[in-house]
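This report concerns only the one structure given below.
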Amino acid sequence: MIRRTPDSTALIGAGLVAIAVIVAHGIAHLLPSHATLAASLVEIALPTLAALALINRMQRTMAKMDAIVSEAHALLLRVNGPGGDHILHADHAGRISADLGAAFGNPIEFGPELVGRQLAEVCNDEGFLVEPAGGYASGRKFSVRSVPQASGNLVILREMTINQQILGQPSFVDALTGLPNRQAFLRALDASCASDQTGYVAVFAIDHLRAINDSHGDATGDAMLRTFAADAAELVRADDSLARISGGAFAVILPTADLARAEKIASRLVAKFDGSARKVGDAIVRASASAGVAPWRDNAAGTIRDAESALLIAKARDHDRYEVAGSARRRA
């Protein structure tokens, strides 16, 4: 059975029209008395051929858009689950060719039309969308991430929470990992604790980091920190806030999370660093991690103290596990 694509259907139609034109010319040559009929056939056939060519071009354009939407859908599922981000498409020259926000049920009214403009015109050097005059509500900030695809680039616009805007300020960024530092984290945690939401904090640490530095050198230790930061970033949600809060310690704010989700994050990261050998830079390193989990209190200082105390208990119990603040439970 032959499966007809839009292109094959148009080509079949064009072939039939071409046959009609040939027949018409044959009639005019062999039967001069029917020249009027032949001319009529040609007059009908030629516009039909043009219309079929136009339909073919339209079908190609629609197929291209379908491919772009499919790429965008696959990307959304990979980076953030279904929905949650606004997607643009830019061609290989950097011109925004499609606004796909409505295709995923998450349209954002940006005011002035973005389609047709160069992506570089609407983004600043730090990777944030520049607010257009008369555009979206003041105070909303969108990070911009461009992901190469076969058809061009899919551009992910993600609205940043107040916490993430605080954490993204240059003076609050850890130079080694690119994550927010402790000062930024505590400011964001203060804002979270002062809100009407509930949530959890998880604090992680690489076990025996000093021994890794002594055995393999500081460069390997630094590479391990960057590896840990990247792995942790893959496990958290878009609205979670991850930071490096001290030498070998990291923390994440988990808004709206319950204990089950906080424990899931802790257990997954501890399992990822389970002491198995891994290549870090030029060295083969065995590294494990420990974690402490605590619910938000009414202030950042109390919350982080609870989580760090739980972390210390995990380390005291032979590392490679997590502990929940104020709980007799422990998890390997």
Side-chain angles (χ1 to χ4, degrees), residues 74-85 143 145 147 156 158 160-161 163-164 167-168 173-174 176-182 184-185 188-189 192 197-207 209 222-280 285-296 303-304 306-308 310-311 314-315 319-325 329-332:
L75 179 65
L76 271 182
L77 291 176
R78 192 165 71 247
V79 303
N80 196 41
D85 292 322
S143 64
R145 177 184 173 195
V147 182
I156 305 172
R158 176 169 294 174
M160 302 179 70
T161 65
N163 278 357
Q164 290 167 334
L167 295 174
V173 175
D174 172 58
L176 178 64
T177 62
L179 293 176
N181 58 25
R182 186 181 184 92
F185 181 82
L189 183 56
S192 296
Q197 289 185 330
T198 59
Y200 274 77
V201 164
V203 178
F204 307 93
I206 301 172
D207 295 330
L209 180 61
D222 288 348
M224 174 60 72
L225 288 167
R226 287 191 290 267
T227 298
F228 191 93
D231 287 349
E234 290 182 356
L235 296 178
V236 300
R237 297 179 307 190
D239 57 347
D240 298 335
S241 301
L242 177 67
R244 181 187 178 201
I245 60 172
S246 65
F250 299 79
V252 59
I253 301 171
L254 303 168
T256 71
D258 57 12
L259 177 58
R261 178 167 138 63
E263 287 189 288
K264 181 178 180 180
I265 291 291
S267 64
R268 288 176 66 187
L269 192 54
V270 167
K272 199 172 184 70
F273 284 79
D274 61 355
S276 301
R278 61 168 62 207
K279 185 173 176 59
V280 180
V285 179
R286 292 184 180 275
S288 62
S290 300
V293 174
W296 293 355
T303 302
I304 195 69
D306 289 347
E308 289 179 327
L311 171 63
K315 284 181 169 291
H319 306 84
D320 193 21
R321 66 181 66 243
Y322 74 88
E323 297 286 340
V324 178
R329 289 181 298 166
R330 60 186 176 87
R331 298 288 187 271

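These numbers were taken from a predicted model, which means no experiment stands behind them.
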Are [X] and [Y] close enough that some pair of their side-chain heavy atoms sits under 4.5 Å apart?
{"X": "Ile304", "Y": "Val203", "answer": "yes"}
{"X": "Ile245", "Y": "Asn181", "answer": "no"}
{"X": "Pro180", "Y": "Phe185", "answer": "no"}
{"X": "Phe250", "Y": "Thr177", "answer": "yes"}

> What residues form a side-chain hydrogen bond (donor to acceptor under 3.5 Å, both in side chains) with Thr303, not counting sequence neighbours?
Replying inline: none

>> So, taking the atom named CG in Leu242 and the one named CZ in Phe204, what distance separates them when rounded to the nearest 0.5 Å?
In response: 8.0 Å

> Measuring from Ile253:CD1 to Gln197:CD, what's the distance to the nearest 0.5 Å?
Replying inline: 11.0 Å

Taking all non-hydrogen atoms of both residues into account, name the closest pair between [X] and [Y] and its distance.
{"X": "Val293", "Y": "Ala310", "value": "N-CB, 4.0 Å"}
{"X": "His319", "Y": "Ser290", "value": "CA-OG, 3.3 Å"}
{"X": "Ala205", "Y": "Leu311", "value": "CB-CD2, 4.0 Å"}
{"X": "Leu235", "Y": "Ile265", "value": "O-CD1, 3.1 Å"}
{"X": "Glu323", "Y": "Arg321", "value": "OE2-CD, 3.7 Å"}
{"X": "Val201", "Y": "Ala307", "value": "CG1-CB, 4.1 Å"}

>> Donor-acceptor pair, distance only, cut-off 3.5 Å: does the side chain of Trp296 make one with the backbone of Thr198?
In response: no

> Checking Arg237 side chain against Pro255 main chain: does a donor-acceptor pair fall under 3.5 Å?
Replying inline: yes

> What residues form a salt bridge (Lys or Arg N to Asp or Glu O under 4.0 Å) with Arg226, not counting sequence neighbours?
Replying inline: none

> Quick one: salt bridge (Lys or Arg N to Asp or Glu O under 4.0 Å) partners of Arg182, sequence neighbours excluded?
Replying inline: Glu308

>> Determine whether Leu176 and Leu225 satisfy the following criterion, side-chain contact (heavy atoms from CB on, under 4.5 Å), listing intermediate values before the conclusion.
In response: CA-CA 8 Å; Leu176 178 64; Leu225 288 167; 3.5 Å; yes

>> Suppose the criterion is ring-ring contact (aromatic ring centres under 6.0 Å, His included): which pairs have a residue in residues 253-279, not counting sequence neighbours?
In response: Phe228-Phe273

> Tell me, which pairs form a salt bridge (charged side-chain N to carboxylate O under 4.0 Å, His left out) where one or both residues lie in residues 244-260, sequence neighbours left out?
Replying inline: Asp174-Arg244

>> Enumerate the salt bridge (charged side-chain N to carboxylate O under 4.0 Å, His left out) contacts for residues 267-279, please, sequence neighbours excluded, ordered by first and then second residue.
In response: Asp231-Arg278

>> Applying side-chain contact (heavy atoms from CB on, under 4.5 Å) to Val252 and Ser241, what does each step give before you reach the verdict?
In response: CA-CA 5 Å; Val252 59; Ser241 301; 5.7 Å; no

